[in-house]
Amino acid sequence: MLHRLKEKWNVSWTRFTLIFLTFALGGSACARLGNWLLSFVLTEKNAWYWIIYVPLITILWPLCVLTISIPLGQFRFFTNYLSRMGNRIFGKQSTKTKSIAIFASGTGTNAKKIIDHFKESSVARVGLIVCNNPNAGVLNIAADNHIPVVMVNRKSFLTDTVCLDELTLHKIDLVVLAGFLWMIPKYLIEAYPNKIINIHPALLPKFGGKGMYGENVHKAVIEAGEKESGITIHYVDEHYDNGDIIFQAKCEVKYGDSVSTLAQRIHALEHEHFPKVIEQIIKG
Ligand code: GAR
C-alpha cells in the first residue's frame with residue numbers, strides 16, 4: 001500500500017518519508033493544540049467538548065500540517081495536496097488534474113524540466129512519453145520518473161491509430177512536442193485540435209520548416225548573420241513549424257558564437273519558459 005502511495009505521489013523514498021513525517025507530526029501537533037485551546041473553555045470532556053473539538057481540529061489540521069511542512073521542505077507538496085482536497089470537498093470545477101503526453105526523441109532536457117515542474121502540481125502531470133528513438137536519453141528520464149513510454153515507428157505513426165489509442169488510454173489532454181522531429185499526422189491533429197504544441201529553437205517564421213531542427217537551426221541562424229535568435233512555442237498543424245505562435249523569447253547571437261554556445265543559450269531559454277507556458281495554456 002505504501003508503495004502504491006509513493007507511486008501515486010511520484011516521489012523518492014526519502015521524500016515519501018518526509019511527507020509521512022509531516023502528516024504524523026502535523027496530526028499530533030493539531031490534536032495537542034486543539035486540546036490546549038479547548039481547556040480554556042471546557043474543563044471536562046462532555047458532549048460539548050466533542051461538538052467543538054471536531055470542527056476546531058478540521059480548521060487546525062491544515063494549518064499545523066503546513067507549518068510542519070516548512071522545516072521538512074515539503075511546503076509545495078502540502079499546498080497542492082490541500083488545494084486538491086479543498087477542490088474535492090467544495091466541488092470546484094478544476095478538480096481534474098490534466099494529463100500531458102510529451103513526444104520526444106532526443107536527450108530530453110526539456111522533457112525533464114516539464115516533468116519536474118508538474119511533479120507536485122494539481123494543475124497537470126506528465127502521464128506519457130512518446131518516443132521514436134530507442135537510444136533517446138528521454139527514455140531514461142521516463143524510467144527514473146516512472147512514466148509509461150510508447151515507442152512508435154514511422155509507418156504505424158503515420159498510418160494507423162496505435163498512438164492515438166495510447167493517448168486515449170492514458171486520458172491525455174495536451175500533447176507537447178519537445179524535440180520530436182516527425183510531422184504530426186492529420187488524424188492526431190484532428191483528435192487534439194489546438195491541444196498539440198511544439199517548441200522550436202528559433203524565432204519563427206524564420207528558420208523553420210523541414211530539416212530545421214536542433215543544431216541545423218543554430219547553424220543557419222549564425223550563417224545568416226542574425227543578431228538575435230530565440231525560442232518559439234506554437235500550436236501544431238499539418239505543416240512543419242507553421243501553427244499559431246503562442247510565445248516567443250529572444251536572446252542575443254554574440255559575435256563569435258558557435259553552434260554549441262548558441263544552443264546553450266537557447267536551451268536555457270527553453271528550460272526557463274516552456275514549463276510555465278504549458279501551465280498557462282492548461283489553465284486557459
Ligand atoms: C530543443 O532545443 C527543441 O527546441 C528542438 O529540439 C531540442 C530538443 O532538446 N526542437 C526542434 O528543433 C523542433 N524543430 P532536448 O531533447 O534537450 O529537450
Side-chain angles (χ1 to χ4, degrees), residues 100-119 126 128-145 147 149-152 154 157 174-185 188-189 196-224 226 228-253 257-279 281:
I100 301 170
I102 299 181
F103 285 31
S105 27
T107 324
T109 61
N110 278 289
K112 169 118 181 46
K113 289 285 169 191
I114 299 164
I115 293 166
D116 288 348
H117 181 86
F118 289 106
K119 212 166 221 170
V126 177
L128 188 67
I129 302 282
V130 175
C131 181
N132 62 4
N133 171 10
N135 302 315
V138 73
L139 297 179
N140 296 330
I141 295 168
D144 290 347
N145 289 279
I147 297 173
V149 172
V150 172
M151 293 302 297
V152 287
R154 193 184 280 273
F157 186 66
L174 181 75
V175 172
V176 172
L177 313 186
F180 188 77
L181 308 181
W182 290 350
M183 191 119 85
I184 301 301
L188 269 185
I189 291 164
I196 308 180
I197 62 167
N198 177 46
I199 190 158
H200 185 78
L203 296 170
L204 290 174
K206 280 179 162 181
F207 306 104
K210 196 168 177 355
M212 276 294 175
Y213 56 84
E215 296 199 339
N216 296 352
V217 179
H218 308 311
K219 192 164 176 278
V221 168
I222 292 169
E223 282 175 2
E226 294 288 319
E228 60 180 14
S229 186
I231 62 168
T232 303
I233 298 168
H234 63 96
Y235 289 110
V236 171
D237 65 14
E238 288 159 58
H239 307 280
Y240 277 113
D241 305 321
N242 186 64
D244 287 350
I245 291 174
I246 303 164
F247 175 88
Q248 289 189 308
K250 292 177 182 174
C251 67
E252 193 188 346
V253 179
D257 251 342
S258 64
V259 166
S260 102
T261 54
L262 181 57
Q264 272 175 30
R265 214 168 299 130
I266 295 287
H267 254 124
L269 271 187
E270 293 184 329
H271 297 165
E272 182 189 347
H273 294 287
F274 203 15
K276 291 185 203 157
V277 173
I278 294 169
E279 180 159 351
I281 292 169

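Remember, it's 1-based here, ligands and their atoms both numbered in the order they're listed.
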Peer 1: Run the contact test for V217 against ligand 1 with a 4.0 Å cut-off on heavy atoms, strictly below, and give the result.
Peer 2: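 The answer is no, since V217 has no heavy atom less than 4.0 Å from ligand 1.
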
Peer 1: Under 3.5 Å, N or O to N or O, is T109 touching ligand 1 that way?
Peer 2: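 Checking ligand 1 against T109, an N or O pair does fall under 3.5 Å apart.
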
Peer 1: Do I233 and N198 have side chains that get closer than 4.5 Å, going by heavy atoms?
Peer 2: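 When only atoms from C-beta onward are counted, N198 and I233 do not touch, as no gap falls below 4.5 Å.
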
Peer 1: Based purely on interatomic distance, does G214 place a nitrogen or oxygen under 3.5 Å from a nitrogen or oxygen of ligand 1?
Peer 2: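 In this structure, G214 places an N or O atom under 3.5 Å from an N or O of ligand 1.
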
Peer 1: What protein heavy atom sits nearest atom 11 (C) of ligand 1, and how far away is it?
Peer 2: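 Minimum-distance protein heavy atom for atom 11 (C) of ligand 1 reads P201 CD, 3.6 Å.
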
Peer 1: Can you tell which part of E270 has a heavy atom less than 4.0 Å from ligand 1: side chain, backbone, both or neither?
Peer 2: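 Under 4.0 Å from ligand 1, E270 contributes side-chain atoms alone.
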
Peer 1: What atoms of ligand 1 come closer than 4.0 angstrom to any heavy atom of M212?
Peer 2: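 Contacts of ligand 1 toward M212, numbered from 1: 14 (N).
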
Peer 1: What I want to find out is whether E270 reaches K113 closely enough, with some N-O distance under 4.0 Å, to be called a salt bridge.
Peer 2: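 Here E270 does not pair with K113 in a salt bridge, since their nearest N and O are not under 4.0 Å apart.
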
Peer 1: Does D257 come within less than 4.0 Å of R265, counting only side-chain N to carboxylate O?
Peer 2: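 Salt bridge flag = yes for R265 with D257.
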
Peer 1: Nearest protein heavy-atom contact for atom 13 (C) of ligand 1: which residue, which atom, what distance?
Peer 2: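 That would be I199 O, 3.8 Å.
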
Peer 1: Before signing off on this row, confirm whether G108 and ligand 1 have an N or O atom pair separated by under 3.5 Å.
Peer 2: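 Yes.
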
Peer 1: Looking only at protein heavy atoms, which one is nearest to atom 9 (O) of ligand 1, and what is the separation?
Peer 2: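 Looking only at protein heavy atoms, the one closest to atom 9 (O) of ligand 1 is H267 NE2, 3.3 Å.
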
Peer 1: Please list, in number order, the atoms of ligand 1 under 4.0 Å from a heavy atom of H200.
Peer 2: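 So the atoms of ligand 1 that pass are 4 (O), 14 (N).
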
Peer 1: At what distance, to the nearest 0.5 angstrom, does NE2 of H271 lie from CD1 of I199?
Peer 2: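 If we round to the nearest 0.5 Å, H271:NE2 and I199:CD1 are 8.0 Å apart.
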
Peer 1: Which atoms from ligand 1 have a heavy atom of T107 less than 4.0 Å away?
Peer 2: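 Counting from 1, the qualifying ligand atoms are 16 (O), 17 (O).
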
Peer 1: Look at atom 8 (C) of ligand 1 and say which protein heavy atom is nearest, naming residue and atom and giving the distance to 0.1 Å.
Peer 2: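 Ranked first by proximity to atom 8 (C) of ligand 1 is G179 CA, 3.7 Å.
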
Peer 1: Assess whether atom OH of Y213 is packed by more than 12 heavy atoms of other residues, nucleotides or ligands within 6.0 Å.
Peer 2: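 Incorrect, the count does not exceed 12.
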
Peer 1: Taking the six-membered ring for Trp and the single ring otherwise, decide whether the centroids of F180 and F157 are under 6.0 Å apart.
Peer 2: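 Ring centroids of F180 and F157 are less than 6.0 Å from each other.
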
Peer 1: Would you say N110 has any N or O atom under 3.5 Å from an N or O of ligand 1, going by distance alone?
Peer 2: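 Checking ligand 1 against N110, an N or O pair does fall under 3.5 Å apart.
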
Peer 1: Is it true that, when you exclude E238 itself, more than 12 heavy atoms of the residues, nucleotides or ligands shown sit nearer than 6.0 Å to its CD?
Peer 2: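 Check passes, neighbour count above 12.
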
Peer 1: Whether the S229 and H218 side chains hold a donor-acceptor pair (N or O, under 3.5 Å, no angle test) is what I'd like checked.
Peer 2: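 No - no donor-acceptor pair under 3.5 Å links their side chains.
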
Peer 1: Given side chains that start at C-beta, do those of V152 and C131 come closer than 4.5 Å, heavy atoms only?
Peer 2: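 Side chain of V152 against side chain of C131, heavy atoms only: no contact under 4.5 Å found.
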
